[in-house]
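Here is the structure we will look at.
Just so we're clear, the structure is a prediction, and the values are computed from it rather than from any experiment. Every chain is numbered from 1 and lettered A, B, ... according to where its sequence line falls, protein lines coming before strand lines.
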Protein chains: 2
Amino acid sequence: MLNDPMVLTPVADAIRVEPEKRIRDRSATEKAILKAAKSLLAEEGFQNFGVNAVARRAGCDKQLIYRYYGGLNGLVEAIGADLGTWVKDRIPEDTGGMFLLTYGDLMERLSLLFLEALRDDPLVRRIVAWEVSENTEQVRRLSEARSKALANWLDRMRGSLTPPKGVDVVAVNAILIAAIQHLVLSASAGGQCAGLALKTPKDWEKAATALKRIVRGVYG
Amino acid sequence: MLNDPMVLTPVADAIRVEPEKRIRDRSATEKAILKAAKSLLAEEGFQNFGVNAVARRAGCDKQLIYRYYGGLNGLVEAIGADLGTWVKDRIPEDTGGMFLLTYGDLMERLSLLFLEALRDDPLVRRIVAWEVSENTEQVRRLSEARSKALANWLDRMRGSLTPPKGVDVVAVNAILIAAIQHLVLSASAGGQCAGLALKTPKDWEKAATALKRIVRGVYG
DNA sequence: GGGCACTGTCACCGTTCGGCGACATGACGC
DNA sequence: GCGTCATGTCGCCGAACGGTGACAGTGCCC
């Protein structure tokens, strides 16, 4: 019965919305797989991220993931490679026409830029959530790619501005970045963080104001 | 073949290392299940948290989880109920003999207390990681229990100290809490956060110093 | 003693997962 | 025409999962 084409064919037709057969184009298929993986990770999170799910979304057979990427690990690595261009695409290089006179000016602006960029990018949000939830080889590579890109960006934006003496800028900035990341993650997951609602634009204005106040408090 | 007792019996005998039968004590079994669930969640994380795993660790049949807790959801709810006593057990109520003269004194102390408490509690760490990774009914209830306990604690510790005027303390404190939580989570997962190593006690001293500086910057 | 509720155990179901071998079909060189 | 290789597809495997019905042993109450 299961092998009766008279029974299965209509079902297959109903499922296969695209009756056209997949064209034989490896690079296109590779791109489709990578795109499917990124969108799947962005929309569903790392929980249901697997070979089967990616293949389903890409509309191809999972075997191709093994052939072209060597499995999920290779695919994740490809995502990480893409990630290196994240900051470049998301955050403007210039200072928006304003002169940054002090390190405090710079960090205030960068904090808000980073906050907005993270709010707008579900993929990186999921990756950050992944980073604090697991410690597998996959997430380690993603994390490394992301932190490298972030460090490069910070370095480039700093320009010739010198940080204030007597303050551990690496530690302070790490805490600021941690705060922003956790704020956005909490908001994305539950719409609030430690009693602070984070849903409406008004909520986010309050958060941004508080963040500015904190940055100004420490960097003047 | 599968139902042939001659084949299956020796295998079962080999697996059962403890020939002693489980004593018939419902409340003890319930406690064992709850303890197993908490330790499993703390050690393995929410990724592999399921009925089978809990039952395995508790050394009982998973059916009992359904009978006594109504499934995983009820078990998670029981964990959440336990969670209400977290702060009380973990963080000293008094101020350690020091007089807190200002709101800044208070928040500096609370920040460091919260940081240490979170560093010492793997279960709550996993729950926080869970909170920013999923938005299911399970994690929502856990999150609610935790945030309520946290709010109560903050309120109790505040005492009669009045926060400074003109600053959104809810937002600022939410950001501080977010920073601490993310810092500890990142450290626990990867041993660093945004380029700041978080492994040795010396690393943590630097982080604590930076945190104090930030709190002092915003609260004086 | 005879029911009866409670506790614990087991086997089984349907589903999904990661992974792989085998096969069909197109494209291209000779 | 023919072989050869790359590309895409199919079906299977073993394992683990959540969930459930049926059964065995125990102790208590009538």
Any ion pair linking A/Asp203 and A/Lys206 (charged N to carboxylate O, less than 4.0 Å)? no

In this structure, how many angstroms lie between the [atom2] atom of [N] and the [atom1] atom of [X], rounded?
| X | N | atom1 | atom2 | answer |
| --- | --- | --- | --- | --- |
| B/Lys62 | D/dT20 | NZ | P | 10 Å |
| A/Glu30 | D/dA6 | CD | P | 14 Å |
| B/Ile23 | C/dT7 | CD1 | P | 13 Å |
| B/Ile65 | C/dT7 | CD1 | C1' | 15 Å |
| A/Asp61 | C/dT25 | CG | P | 16 Å |

Picking from C/dG19, C/dG8, D/dG19, the nucleotide nearest the side-chain atoms of A/Tyr66 would be C/dG19

Nearest to the side chain of B/Gln63, heavy atoms from C-beta on, is which of C/dT9, C/dC20, D/dA6? C/dT9

Considering all heavy atoms of both residues, which atom of [X] and which atom of [Y] are nearest to each other, and what is their separation?
| X | Y | answer |
| --- | --- | --- |
| B/Leu75 | B/Tyr69 | N-CB, 3.7 Å |
| B/Leu72 | B/Gly50 | CD1-CA, 3.8 Å |
| A/Val215 | A/Ser111 | CG2-OG, 3.7 Å |

Can you tell me whether the side chain of A/Arg24 and the base of C/dG26 have a donor-acceptor pair closer than 3.5 Å? yes

Qualifying residue for side chain to side chain donor-acceptor pair (under 3.5 Å) with A/Arg141, from A/Glu144, A/Gln138, A/Glu137: A/Glu137

Heavy-atom check, side chain of [X] versus side chain of [Y], under 4.5 Å:
| X | Y | answer |
| --- | --- | --- |
| B/Leu211 | B/Glu108 | no |
| A/Asn73 | A/Glu77 | no |
| B/Val128 | A/Val132 | no |
| B/Ile177 | B/Leu154 | yes |

Heavy-atom contacts under 4.0 Å between residues 67-81 of chain B and DNA chain D, which residues? none

Identify, residue by residue, the members of residues 33-53 of chain A with a heavy atom below 4.0 Å from DNA chain D, and return them in order of residue number, or none. none

Distances for protein N or O near nucleotides 13-15 of chain C N or O, under 3.5 Å:
none

Considering just the side-chain nitrogens and oxygens of B/Arg26, establish if one lies under 4.0 Å of OP1 or OP2 belonging to D/dG27. no

Using OP1 and OP2 only, check whether a side-chain N or O of B/Thr29 sits under 4.0 Å from C/dG8. yes

Which residue is it: A/Arg57, A/Arg125, A/Lys38, A/Arg126? I am looking for the one with a salt bridge (charged side-chain N to carboxylate O under 4.0 Å, His left out) to A/Glu43. A/Arg57

A/Arg140 vs A/Glu134, test: salt bridge (Lys or Arg N to Asp or Glu O under 4.0 Å). Steps then yes/no. CA-CA 9 Å; A/Arg140 222 172 294 133; A/Glu134 274 190 344; over 6 Å; no

